[in-house]
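Read the structure below first, then the notes.
Index from 1, following the sequence. What you are looking at is a predicted structure, and each value in this text was computed from that prediction instead of being measured.
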Amino acid sequence: MNIVLIDVMPAVETRLRELGHRLKTYRPGGGVFHLPWMLARDGFEPDFVLQQEALGSRSYLGGLERLPCPSAFWAVDSHLNLFWQQWYARLFDLTLTPHVSLFAALPELFRPRHMRRFAWPGEARAFVPHAGRSQALGLCARVTKHRPIRAWMTELLLPRGLMLKDDLSYARMLSFYDDTRVIPNECIANEVNFRLMEGASSGCLVLGPDVGEDQNALFEPGKEHLIYRDGLELLDLVHWATARPAAAERIGRAASRRVQAQHLPKHRVAELLRAFPATSGGRLEGRAAVMVFWLVLALQIRNGPLELDAEAHAEEGRKLIQVLDGIQEATLEGLLAAQVMAQVFLLLAERPAQRDKALRLYKDIFTALRCCLERGERGKKEDPLLHRDVLAAASAFALKEGQLDAAIMFYSLCDARKGLPRPGG
């Protein structure tokens with residue numbers, strides 16, 4: 001096949017080349033990346049497109065609704081980024097994620113149509129018997145004020161022999177784990193994290209929190225890793241592993257076998273190619289796709305890391321205004337329009353004045369809505385553009401702009417309106 005890869009890990013790219021597929025790879029480095037235009041420029045006609053979430057810089061693909069082939073988005077850090085991934089994933093036919101339970105908990109209207117469990121792969125490592133390892137308890141991780149639970153865990157275990165490393169390269173980290181018998185794990189938000197797969201690749205006994213179904217689908221609790229619910233249980237497991245080294249090694253060896261049998265890059269590629277035939281028809285199209293794309297951009301601009309060219313932003317934004325115009329029904333498009341409006345007005349209320357040029361189009365949307373309300377052209381109780389979240393955000397922006405009458409008008413309508421659907425309900 002002709003396959004396009006955006007920010008995909010080198011091990012997956014290498015495996016696809018080994019299988020004879022023709023690849024076109026892009027690493028945009030952040031910002032908006034109009035994929036159909038780039039493909040036309042490069043003369044590449046894809047059969048399949050895969051974008052992996054880049055953890056360092058966020059890149060967003062424009063024009064996905066116009067792709068002539070199926071597409072997939074690999075959401076890696078969904079436990080932190082579901083606030084925008086729940087929308088961005090709808091622009092793709094298939095969502096790949098280790099955190100299926102998070103996407104499955106979304107309101108049905110917003111849930112991706114096609115999902116597959118797709119965890120970060122492990123490494124092919126030769127198993128080192130635990131008797132030949134010099135370190136009983138080891139962890140490679142940064143401990144900062146932003147990770148208080150990890151700090152508490154290391155404070156608990158350092159007096160009990162924990163060797164803590166925070167400055168190792170990836171290769172040196174794996175070598176460190178090859179020489180370690182037991183790894184205590186910690187998660188930010190009940191996620192499947194990289195350390196589980198890294199420790200299992202090296203055949204360590206991994207002691208981790210009870211993350212639930214997403215973790216248990218990869219490794220069986222009690223046989224391939226052990227779980228704890230609090231610090232006392234973690235201490236108990238450390239003492240157990242120290243007193244029963246043969247049993248601890250059996251669990252580490254079982255985890256290593258699971259990685260070698262199911263969790264290497266070649267297995268992920270095989271899963272991807274099996275999923276390919278059933279991925280078409282899952283993405284949003286038409287004006288729903290336009291709204292979702294701009295909802296993602298508004299969320300990212302609010303969070304600071306995304307810079308857009310002001311003129312290009314304004315030009316594309318005019319399309320958004322046209323799409324929003326006339327939406328009245330409480331459908332998926334109507335709810336998407338309401339989400340867009342709420343984020344746009346919050347963005348206007350929060351961003352400093354020097355961003356005014358880039359955000360002029362959003363002010364146009366605000367002015368249009370205000371005029372419609374003042375003329376009585378909107379205001380029906382079920383109007384999707386007048387959810388409570390939209391009105392409250394518009395009121396905040398009006399107050400910032402010194403438009404007291406408009407702020408009072410928007411705020412006075414809030415009590416009679418419902419809010420927007422939230423993830424999980």
Test item: Asp42 and Tyr26 side chains (from C-beta on) under 4.5 Å apart, heavy atoms
yes

N/O donor-acceptor pair under 3.5 Å between Arg268 side chain and Val12 backbone
no

Test item: Ser202 side-chain N/O and Gly199 main-chain N/O as donor-acceptor pair under 3.5 Å:
no

Within the 3.5 Å criterion, strictly below it, is a donor on His34 or Arg41 matched to an acceptor on the partner's side chain?
no

Hey, what do you get for CZ (Arg66) to CG (Leu35), rounding to the nearest 0.5 Å?
10.5 Å

salt_bridge(Glu18, Lys266) N-O dist < 4.0 Å
no

Given 3.5 Å as the limit, does a donor-acceptor pair link the side chain of Tyr177 with the main chain of Cys140, or not?
yes

N/O donor-acceptor pair under 3.5 Å between Glu45 side chain and Pro68 backbone:
no

Examine the side chains of Gln51 and Tyr88 and answer whether a donor and an acceptor come within less than 3.5 Å of each other.
yes

Ring geometry between His225 and Phe219 (parallel below 30°, tilted from 30 to 60°, perpendicular above 60°)
perpendicular

Are Ser101 and Arg117 close enough that some pair of their side-chain heavy atoms sits under 4.5 Å apart?
no

Short question: side chain of Trp74, backbone of Val8 - any donor-acceptor pair under 3.5 Å?
no

Find the distance between CD (Glu271) and CD (Gln262) and round it off to the nearest 0.5 Å.
8.5 Å

Less than 4.5 Å apart, side chain to side chain, heavy atoms only: is that true for Leu106 and Leu82?
yes

Atom pair CZ/CD1 of Phe44 and Ile3 - distance to nearest 0.5 Å
8.0 Å

I would like to know whether Trp84 and Tyr60 meet side chain to side chain contact (heavy atoms under 4.5 Å, CB included); could you show each step before the answer?
CA-CA 11 Å; Trp84 64 266; Tyr60 303 95; 3.8 Å; yes

To the nearest 0.5 Å, what is the distance between CG on Leu162 and CG on Leu137?
5.0 Å

Separation of Arg15 CZ from His21 NE2 (nearest 0.5 Å):
9.0 Å

Would you find a donor on one side and an acceptor on the other, under 3.5 Å apart, between the side chain of Asp47 and the backbone of Asn2?
yes

If we only count heavy atoms from C-beta on, is the Leu5 to Leu16 side-chain gap below 4.5 Å?
yes

Return yes if some donor-acceptor pair links the side-chain N/O of His267 with the main-chain N/O of Leu264 below 3.5 Å, else return no.
yes

Looking at Phe127, I'd like to know if the NZ or CZ of Arg133 sits under 6.0 Å from its six-membered ring centre while staying within 45 degrees of the ring's axis.
yes

Heavy-atom donor-acceptor pair, Glu53 side chain to Val76 backbone, under 3.5 Å
yes

Minimum side-chain heavy-atom gap Asn193-His79 below 4.5 Å
no

Can you spot which of Leu164, Thr180, Leu157, Asn185 makes a side-chain contact (heavy atoms from CB on, under 4.5 Å) with Leu139?
Leu164

Pair Arg195 + Glu198, salt bridge at N-O below 4.0 Å
no

Do Ser256 side-chain atoms and Gly203 backbone N/O form a donor-acceptor pair below 3.5 Å?
no

Would you call Trp294 and Trp87 a side-chain contact if the rule is heavy atoms closer than 4.5 Å?
no

Just by distance, do the side chain of Arg229 and the backbone of Asp210 share a donor-acceptor pair under 3.5 Å?
no

Within-4.5 Å side-chain heavy-atom neighbours: Met197 and Trp120:
no

Close side-chain approach of Gln85 and Phe103, heavy atoms under 4.5 Å
yes

Nearest 0.5 Å please: distance from the CZ atom of Arg150 over to the OG1 atom of Thr144.
7.5 Å

Look at Arg142 together with Asp166 and state whether they make a salt bridge at an N to O cut-off of under 4.0 Å.
no

